[in-house]
Asks: 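The structure that follows is given in the form of structure tokens.
Position 1 is the first residue of the sequence, and the numbers go up from there. Everything numeric here is computed off the predicted structure, so don't read it as measured data.
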Amino acid sequence: MEEKICYVYAYIRLDTNTYFYIGKGKDNRYLRLDNRKQHFMNIFNKVPCTVEILKDNLTEDEAFQLEVNTIYDLVFNEGYSIDI
């Protein structure tokens, strides 16, 4: 049985109260800024941001599927522009 140690998280721009990054991780990945793309860092360094865990206690496969579904929903149903 696969361990449920993963989660899906979102970074939010506080100036517009919108998501600008959706990711999956485990441990403290959501807090780490290393290995982030330049687009992410440009937003993070320019405007106030916060991060929230959208759902935890997931297997790796569940987290991956939720990440994909969340991005799809935000882009195609909500009109977001999420950097992939």
Asks: Not counting sequence neighbours, which residues clear side-chain hydrogen bond (donor to acceptor under 3.5 Å, both in side chains) with Arg29? List them please.
Replies: none
Asks: Name all pairs fulfilling the salt bridge (charged side-chain N to carboxylate O under 4.0 Å, His left out) condition that reach into residues 58-69, sequence neighbours left out, sorted by first residue then second.
Replies: Lys4-Glu62, Lys24-Glu60
Asks: Tell me, please, which residues at least two apart from Asn77 pass side-chain hydrogen bond (donor to acceptor under 3.5 Å, both in side chains).
Replies: Asp73
Asks: How about Ile12 and Glu52: do any of their side-chain heavy atoms sit closer than 4.5 Å?
Replies: yes
Asks: Spell out, as yes or no, whether a donor-acceptor pair under 3.5 Å connects the side chain of Tyr11 to the backbone of Tyr30.
Replies: yes
Asks: Quick one: are the ring centres of Phe20 and Phe40 less than 6.0 Å apart?
Replies: yes
Asks: Could you check whether atom CD of Glu3 has more than 12 heavy atoms from other residues, nucleotides or ligands sitting under 6.0 Å from it?
Replies: no
Asks: Show the numbers, then the answer: is there a side-chain contact (heavy atoms from CB on, under 4.5 Å) between Leu66 and Lys55?
Replies: CA-CA 9 Å; Leu66 181 59; Lys55 187 164 185 177; 3.7 Å; yes
Asks: Atom CD1 in Ile71, atom CD in Glu78: separation rounded to 0.5 Å?
Replies: 14.0 Å
Asks: Are any non-hydrogen side-chain atoms of Asn17 and Arg13 less than 4.5 angstrom apart?
Replies: no
Asks: Does the side chain of Asn57 reach to within under 4.5 Å of the side chain of Tyr7, using non-hydrogen atoms?
Replies: no
Asks: Would you compute the distance between atom CD1 of Ile43 and atom NZ of Lys37 and round it to the nearest 0.5 angstrom?
Replies: 12.5 Å
Asks: Give, for atom CG of Asp56 and atom CD1 of Ile5, the distance between the pair rounded to the nearest 0.5 Å.
Replies: 12.0 Å
Asks: Treat each ILVMFWY residue as a node, draw an edge where side-chain heavy atoms are under 4.5 Å apart, and state whether Phe64 and Leu54 are in one component.
Replies: no
Asks: Side chains of Tyr9 and Ile22, heavy atoms from C-beta outward: is any pair under 4.5 Å?
Replies: no
Asks: Does Tyr72 belong to the same Ile/Leu/Val/Met/Phe/Trp/Tyr cluster as Tyr19, with side-chain heavy atoms less than 4.5 Å apart forming each link?
Replies: yes
Asks: Side chains of Cys49 and Val51: does their closest heavy-atom pair fall under 4.5 Å?
Replies: no
Asks: Applying a strict under-4.5 Å side-chain criterion to I, L, V, M, F, W and Y, I'd like to know whether Leu31 and Phe44 cluster together.
Replies: yes
Asks: Taking the side chain as C-beta and beyond, is there a heavy-atom pair between Tyr21 and Arg36 under 4.5 Å?
Replies: yes
Asks: With the 4.5 Å side-chain cut-off for hydrophobic clustering, are Val75 and Val8 part of the same group?
Replies: yes
